[in-house]
Amino acid sequence: MNNSLLLPLILLPLFGALLPPLFHRFGRTASAWAAAVVVAAALLLLLSLLSPVFGGQTLLYHADWLPAYGLNLSLRLDGLSMLFALLILGIGLLVILYARYYLSERDPMGRFYGFLLLFMAAMLGVVLSENLLLMLVFWEMTSLSSFLLIGYWKYRADARQGARLALTITGAGGLSLLAGILLLGQISGSYELSVVLDSADIIQAHPLYPVTLVLILLGAFTKSAQFPFHFWLPHAMAAPTPVSAYLHSATMVKAGVFLLARLFPALAGTELWFYLVASTGMITLLLGAYHALFKHDLKGLLAYSTISHLGLITLLFGLGTPLGAVAGVFHIINHAIFKASLFMAAGIIDHESGTRDMHKLNGLWRYMPHTATLAMVAAASMAGVPLFNGFLSKEMFFAETLHQGWLGDWSWLLPLGATLAGVFAVAYSIRFIHDVFFNGEPIDLPRTPHEPPRYMKVPVEILVALCLLVGVVPAWTVAPLLATAASSTIGGELPRYSLAIWHGINTPLLMSLIAMLGGALMYALRHHLFALHARCFRPFDAKQVFERLLYKLILLARGLTEVLENGSLQRYLGLLIGSVVLVTGVALWDTPLSGPVPSAEVDAVTLVGALALAASALTTTIWHRHRLVALIQLSVVGLVVSVAFVRFAAPDLALTQLSVEMVTIILLMLVLYFLPQHTPAESSSLRKGRDLLLAGGAGASVALLAWGVLTRPYQTIGDYFMQQSLPGGGGHNVVNVILVDFRGFDTLGEVTVLGIAAIGILMLLRGLRLKMPAADGEGRPWASDRYPMILAVISRPLLPLALVVAIYLMLRGHNMPGGGFIAGLVTAIALILQYVASGIAWTRARMNINYIKLTATGVLLSTLTGLGSWLFGYPFLTSGFGHFHLPLVGEFELATAMLFDLGVYLAVIGSTLLVLANLGTLTLINREMAEEN
Amino acid sequence: MKHQRWLPHPHLSILLLIIWLLLVNSVAPGQIVLGVVIAILVPIYTNDFWTDPPARLRLLPLLRYAGVVLGDIVVANVQVAILILGPAKRLRPAFIHYPLELESEFAITLLASTISLTPGTVSADVDADGRGLLIHALDVDDDEALLRHIRERYERPLKEIFEC
Amino acid sequence: MELLVSLLIGLMVACGVYLLLRARTFPVVMGLIMLSYAVNLFLFAMGRLGAELPALVGLQGQTSDPVPQALVLTAIVIGFAMTAFAVTLALRANSELDSDHVDGVADGDETGGGGQ
Amino acid sequence: MLSLAIEAAFAMMSLALLFNLWRVVRGPDLPDRILALDTMYINTIALIVLYGVHEQSGFYFEAALLIAVMGFVGTVAVVKYLLRGDIVE
Amino acid sequence: MLVEIIVSLFLLIGAAFALIGSWGLVHLPDFYMRLHGPTKATTLGVGGMIVGSVIFFSTQGEGISLHELLITLFLFITAPVSAHMLAKAALHLQLERVEKTRDVARKNTSGPCGK
Amino acid sequence: MSHWIILPIVLPLLSGLLLLMGRSSALLRKRLLSLLSTLMLLPLALYLLYLSSDGDYQVYALGNWAAPYGIVLVLDRLAALMLVLTALLALPAVWYASRGDDARGRHFHALFQFQLMGLNGAFLTGDLFNLFVFFEVLLIASYALLLFGGGRARSRAGLHYVLLNLAGSSLFLIALGVLYGVTGTLNMADLAGKVAAAEASEAGLLHAAALLLLLVFALKAALLPLYFWLPTAYSAASAPVAALFAIMTKVGVYAIVRVYTLIFGAQAGLLANVADGWLWPLALATLLLGAIGALAAGKLRTLVAYLVIVSVGMLLAAVSLHTPEALAGALYYLLHTTLVSGGLFLLAGLIRHHRGPAGDHFITAARMLQQPPLGILFFIGAVAVAGLPPLSGFVGKLVLLTAVPAGEQQAWFWAVVLGSGLITIVALSRAGSRLFWKTDESTPAGHRLDPWQLAPTLLLVAVAPLLLSLFARPVMEYTGAAAAQLLVPEGYVAAVLGSEAPLPATILQGGVQ
Ligand code: NA
Ligand code: NA
């Protein structure tokens with residue numbers, strides 16, 4: 001059941017892809033050999049599995065990848081995948097040989113073979129996957145690796161654009177296919193082919209069948225260049241010809257029809273299938289055939305011919321009949337063989353003559369008769385001339401077009417279209433031969449053409465031989481392969497069919513005849529047709545259209561992005577605020593605003609405070625353009641808020657707010673010096689109105705929330721802290737015990753924030769060049785008295801006094817309002833006062849403390865205090881305290897939380913001074929810099 | 001710059017001890033011990049910041065001076081209150097230059113503070129050379145009387161306290 | 001009382017937000033400070049306003065909820081750190097962009113596309 | 001008696017603060033506003049002490065003390081700014 | 001009762017001076033004159049409160065409470081600095097003064113700072 | 001109680017502090033210390049992953065105060081996963097930075113460590129206010145890191161980033177305040193219980209708090225309409241910083257996952273799944289607009305920044321579904337996108353340094369001296385980030401596509417994901433074509449690649465998506481288990497609140513007599 005040889009089939013080229021680049025340093029041939037050996041090994045491995053597959057077995061391999069989501073590394077080798085694997089590896093080997101001679105000295109060959117093997121691995125993965133999701137994995141990998149191959153000559157714009165076009169179209173198809181496969185998996189309950197292929201009834205009866213089908217077909221059609229997605233293929237011809245020979249004959253584009261074949265049992269047979277697939281195939285068939293005739297570029301002709309033949313195959317599968325499928329499989333084989341050889345021949349011509357333009361290429365028969373012969377055989381096969389392989393499958397195709405039953409009275413349309421396509425095929429095949437090898441003399445070719453190196457023709461010879469062999473003795477050559485492949489495609493009994501060359505005189509033969517004669521006639525009339533074509537069809541360059549479209553798309557995207565992100569902070573903030581208002585409004589929409597708790601009376605003093613707060617908040621806002629004035633108004637707000645904390649019994653908060661207030665004022669004064677003193681009036685009244693609306697909305701939202709909460713009862717964990725503070729935390733001041741003990745972790749984070757902010761600010765100030773105003777806002781020169789004497793004299797003795805107050809606040813913080821943070825700020829303010837009063841130089845001479853280290857030491861002390869609890873087997877930051885007794889002193893308390901608080905104290909001093917002193921020093925630095933210049 | 005001494009500023013230390021005891025609002029032995037420690041340590045650590053303290057300081061005159069100033073503040077407060085409550089038209093404000101006899105910055109500062117603390121006068125500026133004070137007075141009729149008052153009542157005692 | 005405090009908080013938020021939406025860094029920083037006053041008061045008020053006594057052990061009477069106070073203390077400190085950073089950054093931006101406009105655009109250019 | 005006096009004192013302090021506020025708002029010059037703010041700080045000390053007596057609680061002493069020690073720093077900073085622009089030099 | 005009366009008296013004195021000082025701030029015609037209002041009345045304003053508070057708490061039966069005096073001490077140290085600096089600033093900004101202000105300055109009329 | 005849980009927070013804190021203590025000139029020693037500390041986080045996180053893998057919650061009561069009173073750290077599968085992810089991303093980033101980017105200013109490594117501390121703390125904490133604190137830690141560190149190196153672009157972007165986030169922090173506090181004001185608690189497990197039991201009269205307020213929190217997290221996560229700041233900010237940051245920032249948006253996503261499964265999840269009574277209705281459409285729109293932005297991008301850094309936005313849309317759309325499959329897929333996708341986009345930022349840095357004055361702009365420029373390795377890395381990274389097979393992006397996308405329940409939601413999700421996938425492919429192929437193909441061949445630019453910068457880039461861009469894809473099954477089994485655990489918050493609540501409160505410790509009881 002689990003055949004372990006399947007995985008190496010893919011892994012060999014996958015990892016083998018690394019070899020050519022590695023061997024490249026030993027020369028181009030070494031690189032080619034490395035690639036060839038890898039592929040040959042894989043081919044041998046595949047051939048070793050030939051007999052069980054031909055014996056009707058389906059070899060499976062399974063390994064879990066992500067089984068819960070249906071993604072498995074399960075592989076399958078049955079007839080169909082055997083056929084494709086043979087094509088991929090066989091033709092791959094020939095292409096490697098061919099490319100060795102095709103690529104020039106300056107082409108990085110190791111990279112080429114690397115990409116090629118990567119692509120080969122992906123392609124093998126597609127055909128060998130048993131799991132549909134796995135198939136998709138490889139499917140997308142073929143798109144990616146072919147992107148690299150098409151863009152191989154990256155310096156050429158057409159290569160780059162062709163690659164991107166191909167990737168975009170096939171990538172889009174891949175995404176659609178993904179969706180389709182997911183749906184298919186949902187419907188059939190599994191992504192394993194063996195299950196899916198057995199679930200045709202469920203699938204086709206499912207309401208999602210049409211969607212699924214369309215999504216999957218989009219994948220197949222984009223890959224196989226079916227109308228209307230065909231236009232990427234001609235532009236992929238910018239790739240080196242070996243790539244075209246490989247990707248556009250046997251592999252990449254065949255992935256699409258492979259998918260049709262693979263899922264044939266599960267999806268085919270419905271009316272919808274017929275209409276979608278067959279009509280797409282028919283249109284593509286005709287369209288490709290028509291355009292092929294009018295291409296003057298050799299590879300262009302072949303590209304449209306490929307499109308046409310892919311349409312043919314698609315049409316065959318679209319018929320939904322077993323025989324149609326057999327014919328489809330057969331044509332896959334034949335097309336791969338003759339088209340690969342034609343591409344190679346075209347490559348030789350291009351390589352040796354320097355052009356692919358059929359206007360210039362004439363009469364090459366004289367220069368390269370051998371190549372011409374090979375090309376003629378292959379072209380005959382393409383035209384469906386008897387005795388060549390193309391004829392056999394084309395006959396089957398003509399026969400099948402006569403037997404479909406969906407179109408009723410319109411059934412004649414199919415054979416008519418098929419014959420018409422045949423006419424064109426014959427015409428462009430003749431053209432390929434006659435225009436190039438005969439038809440007069442070459443017209444200023446870049447090079448004088450001659451036969452290519454010997455080994456460059458070997459691949460063509462092999463393929464052409466196959467054309468002949470299959471064409472003449474199909475039963476001895478292709479029959480078993482076709483039978484195996486077709487039977488596993490259909491997934492049941494093979495219908496009766498015959499590979500004989502001669503079936504007697506019948507309608508298909510007639511159709512062939514018409515095609516031959518008509519084709520010859522058409523070629524004869526080609527000059528009139530070219531003129532007509534040129535009159536009716538404006539040249540349409542899909543690539544340019546795509547590029548233009550893409551460009552417009554990018555412009556559109558850029559426009560949209562710029563409209564959304566106009567780089568205006570005001571808008572971004574406005575959106576945030578607007579969102580706040582919106583969600584609050586939505587949430588509170590049908591909720592009663594007030595709760596049951598009665599409100600307390602307002603006393604007169606509080607009312608006055610409220611009035612002061614409201615007035616100063618409003619004046620701050622109204623006069624915000626006069627920055628200093630607004631700042632003073634703002635200070636009033638701060639003062640009143642502090643007093644409010646006193647009023648509502650929160651002395652710790654009041655102390656903290658007051659000291660932070662002082663530091664903030666110093667901070668803002670330091671900064672304002674370097675900024676404009678006034679804000680220009682620049683907001684339009686519309687903007688003001690919008691902002692007022694937002695501000696009002698935000699204010700109302702928060703007010704509603706506050707009112708809502710304040711009028712509702714609650715139960716709080718606060719009671720626990722009130723009870724546990726003394727016995728558990730050893731302190732009377734519950735707020736402080738929470739800060740240093742219950743929630744000491746928050747405090748540690750908080751001082752860390754302070755420290756980081758200080759470091760960050762230091763970083764911002766480094767190298768900062770600032771303009772120092774020579775006069776104040778009104779143009780007055782600054783006063784000359786730098787250090788007012790009275791201020792200096794008072795500040796100095798104030799320092800020890802303030803320190804004593806700080807020590808007092810800190811030591812009693814655990815039991816009474818105070819604590820390390822406030823003490824730290826008091827100390828810092830007293831110190832910064834020295835800077836203000838006596839100057840930087842004076843202060844530095846007296847206090848040479850590294851504030852960074854002080855800050856770090858503080859945080860470190862707090863952290864280490866926390867870590868200390870590990871020594872006692874307790875979690876981080878567990879505090880301990882005890883009551884001690886000393887003679888003379890009496891009883892006193894010691895707590896580890898005090899050590900923690902000491903750390904906070906130091907960190908606060910350090911970081912506050914780090915910020916303020918360094919901001920202050922800015923002027924000194926800038927003055928020095930100004931003097932230097 | 002650093003000249004560590006055990007008690008760089010004994011007066012300051014005493015002041016700090018008093019402040020400590022006032023702060024803790026207690027004279028428990030433990031607090032006194034702690035206060036003494038603080039009163040010794042803090043001046044040592046802040047010594048560098050107070051490089052030019054008064055060379056000498058006479059405690060008793062200082063206390064007497066404090067008493068005088070406090071008394072003056074109370075009296076002046078009442079006077080100025082009456083002035084403020086009355087019509088502003090009646091007031092006779094003036095900037096008066098006061099030539100200083102004091103030389104130590106500390107003493108000058110103390111004088112300036114005293115002037116500012118006593119209602120009715122504010123020391124608005126110190127001359128660049130430190131030889132005079134600019135005083136703004138709310139209501140003066142006799143400049144010389146004011147200058148004399150300051151000289152006699154405040155500057156002379158301060159001289160006595162801080163200078164020879 | 002509850003209504004009064006709610007209204008005041010709302011007013012401060014409104015003023016803060018209005019300043020926050022100004023185009024120059026300094027008013028924006030003032031807005032942030034105003035906003036943090038409001039938020040601190042709000043957070044504190046979430047512990048209700050009826051208390052007469054601070055959250056100290058051993059007092060007779062209704063003590064205030066200590067938890068929001070602790071949170072506000074943390075918030076004040078963090079807010080201060082952030083304000084300091086923001087205001088320094090404003091300085092830096094003013095120096096680097098030659099403008100104290102929040103988008104770094106020259107004077108008189110209101111909505112300015114800072115763009116990419 | 002005491003509570004009545006406290007009420008009256010509260011009323012007077014409120015009025016005082018309103019006067020200060022008026023001057024902060026009215027200006028006209030920056031020193032006026034700063035002076036008014038400084039006075040507000042000092043009146044706040046008085047108010048807090050008064051509130052302490054009213055609440056018969058000593059917990060608010062530190063707040064008043066802190067203003068007494070630090071309240072002038074803001075004033076000094078702003079004034080230094082007016083004088084020199086550069087407050088730390 | 002006596003204590004209550006004394007405390008009440010001091011509180012009222014304090015409040016009254018605070019109020020008068022603030023009134024001066026509103027009422028006086030120029031900045032230099034306004035400067036006298038607060039720096040004077042508030043010293044006694046706060047002082048009155050402090051004394052009231054000291055007496056009040058010292059008579060509550062929990063021992064003498066003098067720490068409020070520190071407030072006055074610190075205020076006496078710091079308040080003159082504010083006043084001085086403000087005056088300096090006003091001189092520097094050359095704020096208008098009422099016309100009748102006499103200048104008994106030894107040097108020049110615009111104050112010592114006006115260079 | 002295992003002390004290991006606190007280490008991811010304390011270790012970077014301590015090394016950050018030590019880094020500040022050292023002399024500023026000793027850069028080499030700082031690099032070593034920072035690398036070592038970051039390196040140690042990885043085994044530590046893996047050990048915690050192992051600890052959490054049996055499905056038990058590890059609860060660490062800080063200060064020995066039991067929940068809901070004290071702050072607890074809670075280690076569950078999700079938290080462990082995020083710790084591992086952080087370590088996995090941080091190590092290459094700091095490694096890369098140590099080759100010179102850290103020398104453009106001071107204290108890079110200290111800031112970096114603090115950032116890690118903040119991230120790890122945010123992932124571990126079980127307390128909502130503590131989450132706020134750690135948000136602030138990681139934000140303030142990120143402000144500084146974003147601005148590290150200086151320059152105009154950084155100043156402008158930094159200003160926007162900082163001011164927006166400051167407003168966001170205020171919002172966070174308001175939301176927290178309402179939650180506390182109604183429930184009286186801050187512990188997330190406790191909140192879960194209180195919210196679930198909330199009565200109709202309280203529901204409106206809680207609803208508002210929930211949505212305000214959502215805004216806060218959405219701002220961090222960069223969800224429409226709050227993502228506009230991100231592209232400029234991320235593309236202004238230096239490469240290693242931007243790489244580390246790849247996880248910053250994920251902190252927002254993490255917080256959304258945590259809060260809207262635990263507190264406002266399906267069990268939350270009147271407030272069940274309040275966020276979903278907002279998240280779903282906004283996430284889809286974010287996804288689409290992010291892809292459009294990627295198409296519009298003019299340089300690689302900006303493009304990658306938009307891809308970060310795309311990933312956020314993808315993640316939050318999945319999160320809003322609240323199904324175990326979607327959540328499991330989202331967590332897998334989160335791993336993938338964080339590592340790969342981090343790596344792409346590093347790669348953009350490399351390309352910038354090697355492409356002369358053109359930098360990483362999509363304009364024609366001289367070819368790079370050592371183009372192939374960069375080209376290969378870009379290709380692999382593009383494949384991974386575009387969700388193409390066979391790398392982790394595809395697996396993640398596949399898993400998410402299958403996770404959406406069939407029906408209208410599925411149609412929307414598939415259409416948007418696949419459509420934006422196509423746009424992404426177009427954008428990336430255009431970018432790659434411009435950077436590596438359309439080059440001026442005459443004189444190569446740049447200098448030889450520093451293998452020590454290439455290696456961390458390779459790890460994130462190529463090795464990570466490959467391994468994640470190869471080992472998708474075990475990874476998905478873990479994320480599946482994590483998702484299952486998240487959707488049964490009762491277990492979390494029981495683990496945090498269930499145990500008896502330990503007695504408060506009194507280590508020094510007694511003392512000297
Ligand atoms: Na300065
Ligand atoms: Na006086």
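Being a predicted model, the structure only gives us computed values, none of them experimental. All values below were derived from every heavy atom in this structure, side-chain atoms included, with hydrogens, water molecules and symmetry-related copies excluded. So that the names make sense, note that chain A is the first sequence line, chain B the second, and so on, each numbered from 1.
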Please flag which part of [X] lies under 4.5 Å from any non-hydrogen atom of chain A: side chain, backbone, both or neither.
| X | answer |
| --- | --- |
| F:Leu388 | side chain |
| F:Leu205 | both |
| F:Leu171 | side chain |
| F:Thr125 | neither |
| F:Leu73 | side chain |
| F:Tyr143 | neither |

Geometric class of the F:Trp65/A:Tyr720 ring pair [parallel <30°, tilted 30-60°, perpendicular >60°]: perpendicular
Going from [atom1] on [X] to [atom2] on [Y], what distance comes out if it is rounded to the nearest 0.5 angstrom?
| X | Y | atom1 | atom2 | value |
| --- | --- | --- | --- | --- |
| A:Leu576 | F:Leu163 | CG | CG | 12.0 Å |
| A:Thr752 | F:Phe114 | OG1 | CZ | 6.5 Å |
| A:Ile717 | F:Tyr180 | CD1 | OH | 5.5 Å |
| F:Arg430 | A:Ile554 | CZ | CD1 | 3.5 Å |

Top residue by heavy-atom pair count (under 4.5 Å) with chain F, among [options]?
| options | answer |
| --- | --- |
| A:Gln161, A:Glu750, A:Gln186 | A:Gln186 |
| A:Leu877, A:Leu71, A:Val137 | A:Val137 |
| A:Glu891, A:Arg766, A:Arg160, A:Arg558 | A:Arg160 |
| A:Thr716, A:Thr591, A:Asn850, A:Leu764 | A:Thr716 |
| A:Gly171, A:Ala68, A:Gly151 | A:Gly151 |
| A:Asp741, A:Leu704, A:Thr168, A:Leu134 | A:Asp741 |

Candidates A:Phe876, A:Tyr874, A:Trp870 - the one meeting ring pair (Phe, Tyr, Trp, His ring centres under 6.0 Å) with F:His3: A:Trp870
A:Arg743 portion near chain F, given a 4.5 angstrom heavy-atom threshold: both
Residue part contacting chain F, namely of A:Ala179, when any heavy atom lies under 4.5 Å: both
Side-chain heavy-atom pair [X], [Y] within 4.5 angstrom cut-off:
| X | Y | answer |
| --- | --- | --- |
| F:Leu289 | A:Leu560 | yes |
| F:Tyr69 | A:Gln724 | no |
| A:Leu867 | F:Leu14 | yes |
| F:Val133 | A:Phe745 | no |
| A:Leu66 | F:Val399 | yes |
| A:Phe872 | F:Asn64 | no |
| F:His107 | A:Ile852 | yes |

Ring centre gap for A:Phe147 and F:Trp437 strictly below 6.0 Å: yes
Selection from F:Leu214, F:Val274, F:Leu147 maximising heavy-atom pairs under 4.5 Å formed with chain A: F:Leu147
Among the listed options F:Asp127, F:Ile425, F:Ile174, the residue most often paired with chain A at heavy-atom distances under 4.5 Å: F:Asp127
Under 3.5 Å donor-acceptor, A:Trp65 side chain and F:Ser469 backbone: yes
